[in-house]
Q: 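To start, I am sharing the structure in question, which I have written as C-alpha cells.
Sequence positions, counted from 1, serve as the residue numbers for this chain. The structure presented is a predicted model; accordingly, all values stated were derived computationally and were not measured.
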Amino acid sequence: MGTITLGQWQTCRDALRRTGDRFLTLVGSVPDPEAMATAEWTVADSVAHVRSIASLYTSILQPDKVAHPFPDVEHQIMTTTVDTVAEINDVVLRQFTERDLRVLHDLLAGDIDDILHATENADPTAPVPWLGDSRVPIAGVLAHLVNELLIHGWDIARAAKTRWELPPQDAALFFELFLVGMLRNHAGGLLGPPVPGRRIAVEFHSAHTTPVTLVLQDRRVTLEETGQGADVRLSFDPPTLNLMLFGRMSKARAALTGKITARGPRLWRLPEFLRIVHLPSNSYPKTGNPR
C-alpha cells in the first residue's frame, strides 16, 4: 500500500506554507471578528481554534523542546474519540482566551514557521502521538493542519462573504497522508470501544490519491489492498469529501453535486460505514444544518 514519498512530503510542506499564507491573508481582511463563522463560533473563535491546534503541533513535533500548551487537558486529548473532540475544543477555547485577530494572526504565523523549521529534516513517516492514543506520521500532522486551515478558512470566508478556494491537490493530503497514514500506524480508540459488527470494505478512488480500501469491522478500520472484492467503490473529489466528512455539506448534497459517486455489489452498506467512520464536525455552519 506504499509509503510517504519525498515528493509527497515536499508537496505537503509547500501546501502548509501556501495555505497558511492564504489563511493569514483572509484573517487580516475580515471586517468583523464577531461575525458568526459557524452556529457556535465567531470568526475570532475559529481563528483561535486553528491557532490552538497549531500550537499543540509545535509541541507534538518537538516534545523535548516545547511544553504542552494545554497540560490540563493532555490526558483527555489522549483518551478522546471523534464524538468527544468537541468537548476538548470547548475546554481549550476557554483556556486560550486571546481573540484579537492581529495577535492571533502573528501567533499562528509563528507556529507555522516553527512547524516547518522543526520538521525540515524530519522523517515524514515517523509516527507521533495524536488524539485518542492514535499514531500519525509527521507528514500526516502537517496534512491535518492544512485541512484545518482549509475547512475553517471556508467557514470564515462564508462569514466575510468572500471567496475561498479548496484546491483538490491540497485537500487530498488529508485523506492520503493523515487518514491513511494513521491507519498504517495505529488508530487508537478514535472510533470508540470495539463493538461487534459485520465487515464492510469500501474502495476510495480520486484523481489526487492512491486507490485504497478501508475495511470496517467491530468499529475498527484497517487498510487492505484494492481489488479484493469491496462492497462499495467510492469515487470522490477531495474538497467535497472533506466538507462532507467535517459536517459542512450533507451526504445528499455531496451526492447531488456528482463529485462523490458510489457503485458496487452492496451499496446499502455505505451509510453504515459513513455513520461509524466519521470525523469531528467542530461546529456546523451558521445556517444551522450542513448544506
Q: For Asp231, check side-chain hydrogen bond (donor to acceptor under 3.5 Å, both in side chains) against everything at least two apart and list the hits.
A: Arg266, Arg269

Q: Is there a continuous path of hydrophobic side-chain contacts, each under 4.5 Å between heavy atoms, that joins Val128 to Tyr57?
A: yes

Q: Using the test side-chain hydrogen bond (donor to acceptor under 3.5 Å, both in side chains), find all partners of Glu98 that sit at least two apart in sequence or belong to another chain.
A: none

Q: Strictly by side-chain hydrogen bond (donor to acceptor under 3.5 Å, both in side chains), give each pair with a member in residues 9-18 just once, sequence neighbours left out.
A: Gln10-Asp14, Arg13-Thr119, Arg17-Asp113, Arg18-Asp170

Q: Listed by chain and number, what are the side-chain hydrogen bond (donor to acceptor under 3.5 Å, both in side chains) partners of Glu165, not counting sequence neighbours?
A: Arg163

Q: Using the side-chain contact (heavy atoms from CB on, under 4.5 Å) definition, which of the options Ile53, Asp21, Val50 pairs with Leu149?
A: Val50

Q: Before accepting this row, confirm whether a basic side-chain N of the pair Arg102/Asp100 lies closer than 4.0 Å to the acidic partner's carboxylate O.
A: yes

Q: If a pair satisfies salt bridge (Lys or Arg N to Asp or Glu O under 4.0 Å) and one of its residues is in residues 63-72, list it, with sequence neighbours excluded.
A: none

Q: List the residues meeting side chain to side chain contact (heavy atoms under 4.5 Å, CB included) with Ser235, not counting sequence neighbours, and say none if there are none.
A: His205, Arg233, Thr261

Q: Determine, step by step, whether Asn89 and Trp41 satisfy the side chain to side chain contact (heavy atoms under 4.5 Å, CB included) criterion, reporting the C-alpha distance in whole Å, the side-chain angles of both residues, the deciding distance to 0.1 Å, and the verdict.
A: CA-CA 11 Å; Asn89 288 338; Trp41 288 352; 4.2 Å; yes

Q: Tell me the salt bridge (Lys or Arg N to Asp or Glu O under 4.0 Å) pairs involving residues 120-134, sequence neighbours left out?
A: Asp133-Arg135

Q: If the condition is side chain to side chain contact (heavy atoms under 4.5 Å, CB included), which residues does Leu26 pass it with, not counting sequence neighbours?
A: Ser29, Ile156, Ala157, Thr162, Trp164

Q: Applying side chain to side chain contact (heavy atoms under 4.5 Å, CB included), can you list everything that pairs with Thr25, at least two apart in sequence or on another chain?
A: none

Q: Going by side-chain hydrogen bond (donor to acceptor under 3.5 Å, both in side chains), name the residues that satisfy it together with Arg99, two or more places apart in sequence or in a different chain.
A: Asp45

Q: Nearest 0.5 Å please: distance from the CG atom of Asn147 over to the CG atom of Asn242.
A: 4.5 Å

Q: Scan for ring-ring contact (aromatic ring centres under 6.0 Å, His included) pairs involving residues 73-114, sequence neighbours excluded, and state none if there are none.
A: none

Q: Is a donor from one side chain sitting under 3.5 angstrom from an acceptor on the other, for Glu176 and His208?
A: no

Q: Who passes side chain to side chain contact (heavy atoms under 4.5 Å, CB included) against Pro137, sequence neighbours left out?
A: Ile4, Asn185

Q: Can you check whether Phe178 and Trp130 have ring centres sitting under 6.0 Å from each other?
A: yes

